[in-house]
Amino acid sequence: MSSKTAVARPETLPVEKDPDILAAASRLAGEDLCSIADLSSSEVRAILKLGHDVKHNPRTYRHALDAKQMVLMFEKASLRTRLAFETGINTMGGNAIFVDQTNSPLGERESIADVARNVERWVDVIVLRTYAHDTITEMAANARVPVINALSDFEHPCQALADFMTIEERFGSAEGVNFTFVGDGNNVCHSLMLTGAQLGANVTVATPRGYSPDIEIVTIAREICERNHGELRLMQDPHAAVKEADAVYTDVCVSMGFEHESTKRQPIFRPFQVNEALMAEARPGAVFMHCLPARRNEEVTDAVLDGPQSIAFDQAENRMHAQKALLLLLLGGLANVASFQ
Ligand code: CP
Ligand code: NVA
(Lines give C-alpha, C1' and ligand atoms only; values in the text may rest on other atoms or scores of the structure.)
(Ligands and ions follow the chains in the order given, each with its own letter.)
Protein backbone atom coordinates (compact mmCIF):
# COMPACT_ATOMS: atom_id res chain seq x y z
CA MET A 1 0.00 0.00 0.00
CA SER A 2 1.22 3.47 -0.81
CA SER A 3 0.65 6.13 1.78
CA LYS A 4 0.44 9.84 2.34
CA THR A 5 2.46 11.75 4.85
CA ALA A 6 2.12 15.37 3.70
CA VAL A 7 0.06 17.61 5.92
CA ALA A 8 -1.31 20.39 3.77
CA ARG A 9 -4.62 22.17 3.49
CA PRO A 10 -6.14 22.14 0.01
CA GLU A 11 -5.68 25.37 -1.87
CA THR A 12 -8.73 27.53 -2.46
CA LEU A 13 -10.31 26.13 -5.60
CA PRO A 14 -11.87 28.11 -8.45
CA VAL A 15 -15.19 26.47 -7.70
CA GLU A 16 -17.21 28.46 -10.23
CA LYS A 17 -15.23 26.88 -13.06
CA ASP A 18 -14.74 23.44 -11.57
CA PRO A 19 -16.14 20.87 -14.02
CA ASP A 20 -17.01 18.37 -11.26
CA ILE A 21 -19.05 21.00 -9.40
CA LEU A 22 -20.79 22.30 -12.53
CA ALA A 23 -21.74 18.76 -13.61
CA ALA A 24 -22.90 17.86 -10.10
CA ALA A 25 -24.99 21.04 -9.83
CA SER A 26 -26.81 20.02 -12.98
CA ARG A 27 -27.20 16.27 -12.26
CA LEU A 28 -27.94 16.38 -8.52
CA ALA A 29 -30.55 19.18 -8.43
CA GLY A 30 -33.76 17.56 -7.16
CA GLU A 31 -32.09 14.20 -6.43
CA ASP A 32 -32.05 12.19 -3.18
CA LEU A 33 -29.06 11.07 -1.14
CA CYS A 34 -29.94 7.70 0.39
CA SER A 35 -26.50 6.12 -0.08
CA ILE A 36 -23.01 7.18 -1.12
CA ALA A 37 -23.53 4.66 -3.93
CA ASP A 38 -26.12 7.12 -5.37
CA LEU A 39 -23.17 9.37 -6.26
CA SER A 40 -20.40 9.05 -8.83
CA SER A 41 -16.77 9.63 -7.86
CA SER A 42 -16.79 13.06 -9.49
CA GLU A 43 -19.99 13.95 -7.58
CA VAL A 44 -18.35 13.00 -4.28
CA ARG A 45 -15.34 15.12 -5.25
CA ALA A 46 -17.68 17.98 -6.18
CA ILE A 47 -19.44 17.94 -2.80
CA LEU A 48 -16.10 18.02 -0.99
CA LYS A 49 -14.64 20.77 -3.17
CA LEU A 50 -17.73 22.86 -2.61
CA GLY A 51 -17.60 22.02 1.10
CA HIS A 52 -14.07 23.43 1.36
CA ASP A 53 -15.19 26.61 -0.40
CA VAL A 54 -18.29 26.97 1.79
CA LYS A 55 -16.05 26.62 4.83
CA HIS A 56 -13.59 29.27 3.71
CA ASN A 57 -16.05 31.66 2.04
CA PRO A 58 -19.36 31.27 3.91
CA ARG A 59 -20.59 34.77 2.98
CA THR A 60 -20.63 33.81 -0.71
CA TYR A 61 -23.48 31.41 0.01
CA ARG A 62 -25.46 33.35 2.65
CA HIS A 63 -28.50 33.87 0.38
CA ALA A 64 -28.13 30.74 -1.74
CA LEU A 65 -31.10 28.99 -0.10
CA ASP A 66 -33.24 32.04 0.73
CA ALA A 67 -36.70 30.94 1.96
CA LYS A 68 -35.99 27.23 1.43
CA GLN A 69 -37.69 25.02 3.99
CA MET A 70 -36.03 21.88 5.36
CA VAL A 71 -37.74 19.35 7.61
CA LEU A 72 -35.73 16.96 9.79
CA MET A 73 -37.70 13.90 10.92
CA PHE A 74 -35.57 11.89 13.38
CA GLU A 75 -36.45 8.53 14.93
CA LYS A 76 -33.15 8.53 16.87
CA ALA A 77 -31.22 11.02 19.02
CA SER A 78 -28.79 13.45 17.37
CA LEU A 79 -26.50 16.34 18.28
CA ARG A 80 -24.14 16.83 15.36
CA THR A 81 -26.32 15.88 12.40
CA ARG A 82 -29.30 17.92 13.53
CA LEU A 83 -27.34 21.04 14.47
CA ALA A 84 -25.07 20.85 11.42
CA PHE A 85 -28.14 20.77 9.16
CA GLU A 86 -29.97 23.49 11.09
CA THR A 87 -27.02 25.89 11.32
CA GLY A 88 -26.11 25.02 7.75
CA ILE A 89 -29.43 26.00 6.19
CA ASN A 90 -29.89 28.98 8.54
CA THR A 91 -26.58 30.46 7.38
CA MET A 92 -27.69 30.18 3.73
CA GLY A 93 -31.02 31.97 4.18
CA GLY A 94 -33.24 28.92 4.65
CA ASN A 95 -35.17 27.54 7.57
CA ALA A 96 -35.24 24.22 9.46
CA ILE A 97 -38.17 22.50 11.14
CA PHE A 98 -37.36 19.61 13.48
CA VAL A 99 -39.86 16.79 14.05
CA ASP A 100 -38.98 14.44 16.89
CA GLN A 101 -40.05 10.95 15.78
CA THR A 102 -38.35 9.12 18.66
CA ASN A 103 -41.71 8.18 20.17
CA SER A 104 -43.61 7.96 16.90
CA PRO A 105 -41.72 5.96 14.24
CA LEU A 106 -42.33 6.95 10.64
CA GLY A 107 -45.01 4.81 9.02
CA GLU A 108 -46.84 4.07 12.28
CA ARG A 109 -49.52 6.79 12.30
CA GLU A 110 -49.90 6.88 8.52
CA SER A 111 -48.05 5.32 5.63
CA ILE A 112 -44.65 6.67 4.63
CA ALA A 113 -46.03 7.38 1.16
CA ASP A 114 -48.80 9.52 2.65
CA VAL A 115 -46.30 11.37 4.84
CA ALA A 116 -44.27 12.09 1.68
CA ARG A 117 -47.35 13.32 -0.22
CA ASN A 118 -48.11 15.79 2.57
CA VAL A 119 -44.66 17.00 3.52
CA GLU A 120 -43.59 17.70 -0.08
CA ARG A 121 -46.36 20.33 -0.29
CA TRP A 122 -44.66 22.45 2.40
CA VAL A 123 -40.93 21.89 2.27
CA ASP A 124 -38.06 21.79 -0.22
CA VAL A 125 -36.06 18.95 1.34
CA ILE A 126 -36.70 16.08 3.77
CA VAL A 127 -33.88 14.92 6.06
CA LEU A 128 -34.48 11.57 7.76
CA ARG A 129 -32.81 9.67 10.60
CA THR A 130 -34.39 6.23 10.87
CA TYR A 131 -33.96 2.70 12.10
CA ALA A 132 -34.86 0.96 8.84
CA HIS A 133 -33.02 2.05 5.70
CA ASP A 134 -36.18 1.13 3.75
CA THR A 135 -38.01 4.00 5.45
CA ILE A 136 -35.61 6.38 3.71
CA THR A 137 -35.79 4.74 0.29
CA GLU A 138 -39.59 4.56 0.53
CA MET A 139 -39.83 8.25 1.39
CA ALA A 140 -37.46 9.02 -1.49
CA ALA A 141 -39.57 6.95 -3.90
CA ASN A 142 -42.73 8.84 -2.94
CA ALA A 143 -41.59 12.43 -2.33
CA ARG A 144 -41.12 14.90 -5.16
CA VAL A 145 -38.53 16.82 -3.13
CA PRO A 146 -35.01 15.57 -2.26
CA VAL A 147 -34.71 13.12 0.63
CA ILE A 148 -31.42 12.94 2.56
CA ASN A 149 -30.27 10.02 4.70
CA ALA A 150 -29.14 11.47 8.04
CA LEU A 151 -28.35 7.93 9.33
CA SER A 152 -30.15 4.65 8.93
CA ASP A 153 -29.29 1.14 10.10
CA PHE A 154 -27.39 0.73 6.81
CA GLU A 155 -25.57 3.98 6.02
CA HIS A 156 -24.51 7.43 7.25
CA PRO A 157 -23.52 9.22 4.04
CA CYS A 158 -23.42 12.77 5.46
CA GLN A 159 -20.94 11.60 8.09
CA ALA A 160 -18.63 10.02 5.54
CA LEU A 161 -18.64 13.09 3.30
CA ALA A 162 -17.53 15.30 6.22
CA ASP A 163 -14.93 12.73 7.27
CA PHE A 164 -13.26 12.58 3.87
CA MET A 165 -13.41 16.38 3.66
CA THR A 166 -11.45 16.34 6.93
CA ILE A 167 -8.96 13.84 5.48
CA GLU A 168 -8.48 16.13 2.47
CA GLU A 169 -7.74 19.03 4.82
CA ARG A 170 -5.15 16.96 6.60
CA PHE A 171 -3.49 15.16 3.70
CA GLY A 172 -4.31 17.41 0.70
CA SER A 173 -6.16 14.55 -1.02
CA ALA A 174 -7.77 11.26 -0.03
CA GLU A 175 -6.22 9.47 -3.00
CA GLY A 176 -3.68 6.92 -1.83
CA VAL A 177 -4.40 7.59 1.85
CA ASN A 178 -4.29 4.40 3.94
CA PHE A 179 -7.61 4.59 5.78
CA THR A 180 -8.32 1.97 8.46
CA PHE A 181 -11.65 1.41 10.20
CA VAL A 182 -11.53 -0.66 13.39
CA GLY A 183 -14.78 -1.76 15.05
CA ASP A 184 -18.36 -2.53 14.08
CA GLY A 185 -18.94 -3.02 10.33
CA ASN A 186 -22.17 -1.07 10.53
CA ASN A 187 -23.75 2.08 9.04
CA VAL A 188 -20.80 4.46 9.48
CA CYS A 189 -18.30 1.86 8.29
CA HIS A 190 -20.42 1.19 5.18
CA SER A 191 -20.52 4.83 4.10
CA LEU A 192 -16.81 5.27 4.82
CA MET A 193 -15.95 2.24 2.67
CA LEU A 194 -17.97 3.59 -0.24
CA THR A 195 -16.64 7.13 0.07
CA GLY A 196 -13.03 5.99 0.45
CA ALA A 197 -13.48 3.82 -2.63
CA GLN A 198 -14.95 6.75 -4.59
CA LEU A 199 -11.93 8.90 -3.73
CA GLY A 200 -9.20 6.33 -4.43
CA ALA A 201 -8.20 5.73 -0.80
CA ASN A 202 -6.82 2.38 0.36
CA VAL A 203 -9.51 1.18 2.78
CA THR A 204 -8.87 -1.48 5.43
CA VAL A 205 -11.64 -2.67 7.74
CA ALA A 206 -10.99 -4.76 10.86
CA THR A 207 -14.03 -6.12 12.67
CA PRO A 208 -14.67 -8.98 15.07
CA ARG A 209 -15.90 -12.11 13.34
CA GLY A 210 -19.66 -11.81 12.85
CA TYR A 211 -19.55 -7.99 12.72
CA SER A 212 -18.06 -7.54 9.26
CA PRO A 213 -19.62 -5.09 6.81
CA ASP A 214 -22.63 -6.12 4.74
CA ILE A 215 -21.67 -8.17 1.68
CA GLU A 216 -23.71 -5.94 -0.64
CA ILE A 217 -21.67 -2.90 0.44
CA VAL A 218 -18.42 -4.86 0.17
CA THR A 219 -19.26 -5.87 -3.39
CA ILE A 220 -20.15 -2.32 -4.46
CA ALA A 221 -17.12 -0.83 -2.68
CA ARG A 222 -14.78 -3.34 -4.38
CA GLU A 223 -16.16 -2.43 -7.81
CA ILE A 224 -15.70 1.28 -7.10
CA CYS A 225 -12.18 0.67 -5.73
CA GLU A 226 -11.16 -1.12 -8.90
CA ARG A 227 -12.26 1.84 -11.01
CA ASN A 228 -10.34 4.29 -8.82
CA HIS A 229 -7.15 2.25 -8.28
CA GLY A 230 -7.71 1.95 -4.55
CA GLU A 231 -7.69 -1.17 -2.40
CA LEU A 232 -10.24 -2.67 -0.04
CA ARG A 233 -9.09 -5.16 2.60
CA LEU A 234 -11.25 -6.87 5.24
CA MET A 235 -9.70 -8.55 8.27
CA GLN A 236 -10.23 -9.49 11.88
CA ASP A 237 -6.87 -8.38 13.28
CA PRO A 238 -6.82 -4.72 14.39
CA HIS A 239 -3.02 -4.76 14.73
CA ALA A 240 -2.45 -5.88 11.13
CA ALA A 241 -5.13 -3.40 10.00
CA VAL A 242 -3.50 -0.29 11.48
CA LYS A 243 -0.01 -1.12 10.19
CA GLU A 244 0.92 1.63 7.69
CA ALA A 245 -2.39 3.44 8.39
CA ASP A 246 -2.53 7.21 7.84
CA ALA A 247 -5.95 7.43 9.49
CA VAL A 248 -7.45 5.15 12.15
CA TYR A 249 -11.23 5.44 12.57
CA THR A 250 -13.60 3.86 15.04
CA ASP A 251 -17.29 4.04 15.97
CA VAL A 252 -19.23 2.86 19.01
CA CYS A 253 -19.58 -0.91 19.26
CA VAL A 254 -23.22 -0.55 20.39
CA SER A 255 -25.10 1.52 17.85
CA MET A 256 -28.51 3.05 18.45
CA GLY A 257 -31.04 0.25 18.27
CA PHE A 258 -28.55 -2.39 19.48
CA GLU A 259 -28.55 -1.42 23.18
CA HIS A 260 -30.02 -4.82 24.10
CA GLU A 261 -26.77 -6.43 22.80
CA SER A 262 -24.51 -4.24 24.93
CA THR A 263 -23.47 -6.93 27.44
CA LYS A 264 -22.73 -9.43 24.69
CA ARG A 265 -20.77 -6.96 22.57
CA GLN A 266 -18.45 -5.43 25.21
CA PRO A 267 -16.01 -8.39 25.49
CA ILE A 268 -16.14 -9.11 21.75
CA PHE A 269 -15.08 -5.57 20.88
CA ARG A 270 -12.56 -5.11 23.73
CA PRO A 271 -9.54 -6.20 21.59
CA PHE A 272 -10.61 -3.62 18.98
CA GLN A 273 -10.30 -0.63 21.34
CA VAL A 274 -8.27 2.21 19.83
CA ASN A 275 -5.75 3.12 22.53
CA GLU A 276 -2.26 4.61 22.53
CA ALA A 277 -0.65 1.21 21.99
CA LEU A 278 -2.74 0.56 18.87
CA MET A 279 -2.14 4.09 17.53
CA ALA A 280 1.61 3.53 18.01
CA GLU A 281 1.36 0.69 15.48
CA ALA A 282 0.04 3.06 12.78
CA ARG A 283 2.27 5.36 10.76
CA PRO A 284 3.94 8.20 12.67
CA GLY A 285 1.68 11.20 12.10
CA ALA A 286 -1.43 9.07 11.66
CA VAL A 287 -4.67 10.76 12.64
CA PHE A 288 -7.40 9.34 14.84
CA MET A 289 -11.02 9.75 13.69
CA HIS A 290 -14.41 9.12 15.29
CA CYS A 291 -17.91 10.03 14.14
CA LEU A 292 -18.97 10.77 17.76
CA PRO A 293 -20.63 10.37 20.15
CA ALA A 294 -17.87 8.29 21.73
CA ARG A 295 -18.27 5.89 24.60
CA ARG A 296 -15.07 7.00 26.28
CA ASN A 297 -12.71 4.23 27.35
CA GLU A 298 -14.76 1.62 25.51
CA GLU A 299 -14.03 1.79 21.76
CA VAL A 300 -11.46 4.61 22.27
CA THR A 301 -9.48 5.81 25.26
CA ASP A 302 -9.52 9.39 26.56
CA ALA A 303 -5.80 9.64 25.77
CA VAL A 304 -6.42 9.00 22.07
CA LEU A 305 -9.67 10.95 21.67
CA ASP A 306 -8.22 13.99 23.46
CA GLY A 307 -4.68 13.48 22.19
CA PRO A 308 -2.71 15.34 19.49
CA GLN A 309 -3.53 12.81 16.76
CA SER A 310 -7.30 13.20 17.17
CA ILE A 311 -9.19 15.13 14.49
CA ALA A 312 -12.62 14.04 15.77
CA PHE A 313 -13.82 17.56 16.52
CA ASP A 314 -12.65 18.82 13.11
CA GLN A 315 -14.84 16.07 11.65
CA ALA A 316 -17.75 17.34 13.73
CA GLU A 317 -17.21 20.91 12.48
CA ASN A 318 -16.99 19.74 8.89
CA ARG A 319 -20.40 18.07 9.18
CA MET A 320 -21.87 21.54 8.73
CA HIS A 321 -19.72 22.57 5.76
CA ALA A 322 -20.17 19.28 3.90
CA GLN A 323 -23.93 19.27 4.51
CA LYS A 324 -24.17 22.87 3.29
CA ALA A 325 -22.46 21.81 0.07
CA LEU A 326 -24.85 18.89 -0.28
CA LEU A 327 -27.90 21.12 0.26
CA LEU A 328 -26.58 23.62 -2.28
CA LEU A 329 -26.35 20.91 -4.92
CA LEU A 330 -29.61 19.06 -4.19
CA LEU A 331 -31.64 22.29 -3.89
CA GLY A 332 -30.09 24.04 -6.88
CA GLY A 333 -28.71 26.78 -4.63
CA LEU A 334 -25.72 27.67 -6.81
CA ALA A 335 -28.13 29.31 -9.25
CA ASN A 336 -28.61 32.02 -6.59
CA VAL A 337 -24.89 32.64 -6.09
CA ALA A 338 -23.65 35.59 -8.19
CA SER A 339 -20.22 34.14 -8.93
CA PHE A 340 -21.82 31.03 -10.49
CA GLN A 341 -23.92 33.05 -12.96
N1 CP B 1 -22.03 11.59 14.23
C2 CP B 1 -23.33 11.83 14.36
O3 CP B 1 -24.13 11.55 13.47
O4 CP B 1 -23.68 12.45 15.52
P5 CP B 1 -25.16 12.63 16.03
O6 CP B 1 -25.70 11.27 16.32
O7 CP B 1 -25.02 13.46 17.28
O8 CP B 1 -25.97 13.33 14.99
N1 NVA C 1 -23.11 3.70 14.48
C2 NVA C 1 -23.64 4.73 15.33
C3 NVA C 1 -23.36 6.07 14.72
C4 NVA C 1 -23.90 7.24 15.48
C5 NVA C 1 -23.59 8.54 14.81
C6 NVA C 1 -25.13 4.51 15.51
O7 NVA C 1 -25.79 4.10 14.55
O8 NVA C 1 -25.63 4.71 16.62
Side-chain angles (χ1 to χ4, degrees), residues 33-36 51 70-89 96 98-102 105 127-136 148-167 181-195 205-208 210-214 217 247 249-262 264-266 268-269 272-274 288-296 298-300 305 310-324 326-327:
L33 180 67
C34 300
S35 163
I36 290 291
M70 172 176 66
V71 68
L72 301 119
M73 306 175 90
F74 280 27
E75 294 179 343
K76 294 171 176 168
S78 173
L79 174 72
R80 282 147 289 269
T81 309
R82 174 182 176 178
L83 287 177
F85 268 117
E86 292 196 8
T87 52
I89 197 157
F98 183 76
V99 184
D100 181 353
Q101 305 273 174
T102 52
V127 180
L128 295 181
R129 171 165 283 202
T130 64
Y131 285 95
H133 189 72
D134 287 350
T135 303
I136 294 176
I148 298 176
N149 179 354
L151 184 139
S152 69
D153 61 2
F154 203 54
E155 270 207 60
H156 198 358
C158 299
Q159 178 71 51
L161 290 169
D163 294 338
F164 274 91
M165 180 180 160
T166 313
I167 284 176
F181 180 93
V182 176
D184 190 9
N186 189 26
N187 44 16
V188 170
C189 175
H190 288 166
S191 293
L192 289 169
M193 287 166 64
L194 293 170
T195 309
V205 176
T207 62
Y211 296 88
S212 50
D214 186 274
I217 295 281
Y249 195 121
T250 193
D251 181 11
V252 289
C253 62
V254 182
S255 284
M256 290 181 279
F258 291 88
E259 291 82 358
H260 59 287
E261 293 187 11
S262 184
K264 178 182 122 190
R265 285 178 176 240
Q266 302 297 337
I268 295 171
F269 280 89
F272 290 78
Q273 183 190 66
V274 180
F288 169 73
M289 304 181 73
H290 197 306
C291 52
L292 302 175
R295 290 196 177 207
R296 285 173 172 270
E298 289 188 14
E299 78 278 1
V300 59
L305 184 57
S310 175
I311 57 170
F313 299 99
D314 295 334
Q315 295 170 248
E317 176 185 342
N318 287 338
R319 296 294 306 278
M320 182 182 77
H321 307 301
Q323 286 166 201
K324 285 175 77 168
L326 179 64
L327 289 171

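When a ligand or atom number is given, it counts from 1 through the structure's own listing order. On a predicted model such as this, the values are computed, not experimentally measured, just so you know.
Protein residues with any heavy atom under 4.0 Å from ligand 2: L151, N186, N187, V188, D251, V252, S255, M256, L292. Protein residues having a heavy atom under 4.0 Å from any atom of ligand 1 are S78, L79, R80, T81, R129, H156, Q159, C291, L292, R319, listed by chain and number.
In this view, E298 satisfies the salt bridge (charged side-chain N to carboxylate O under 4.0 Å, His left out) rule with no residue, not counting sequence neighbours.
Going from atom SG of C158 over to atom CG of L33 covers 6.0 Å, rounded to the nearest 0.5 Å. Here I36 contributes atom CD1 and H190 contributes atom NE2; the two are 13.0 Å apart, rounded to the nearest 0.5 Å. Interatomic distance, E299 CD to L305 CG, rounded to the nearest 0.5 Å: 8.5 Å. Taking CD1 from I148 and CG from L326, the interatomic distance works out to 4.5 Å, rounded to the nearest 0.5 Å.
Put simply, the side chain of N187 never gets that close to the backbone of H156: no donor and acceptor are under 3.5 Å apart. Proximity of a side-chain donor or acceptor of H290 to a complementary backbone N or O of Y249 within less than 3.5 Å is not detected.
No donor-acceptor contact under 3.5 angstrom links the side chains of T166 and Q315, judged on distance only.
Residues in residues 72-85 take part in these salt bridge (Lys or Arg N to Asp or Glu O under 4.0 Å) pairs, two or more places apart or across chains: R82-E86.
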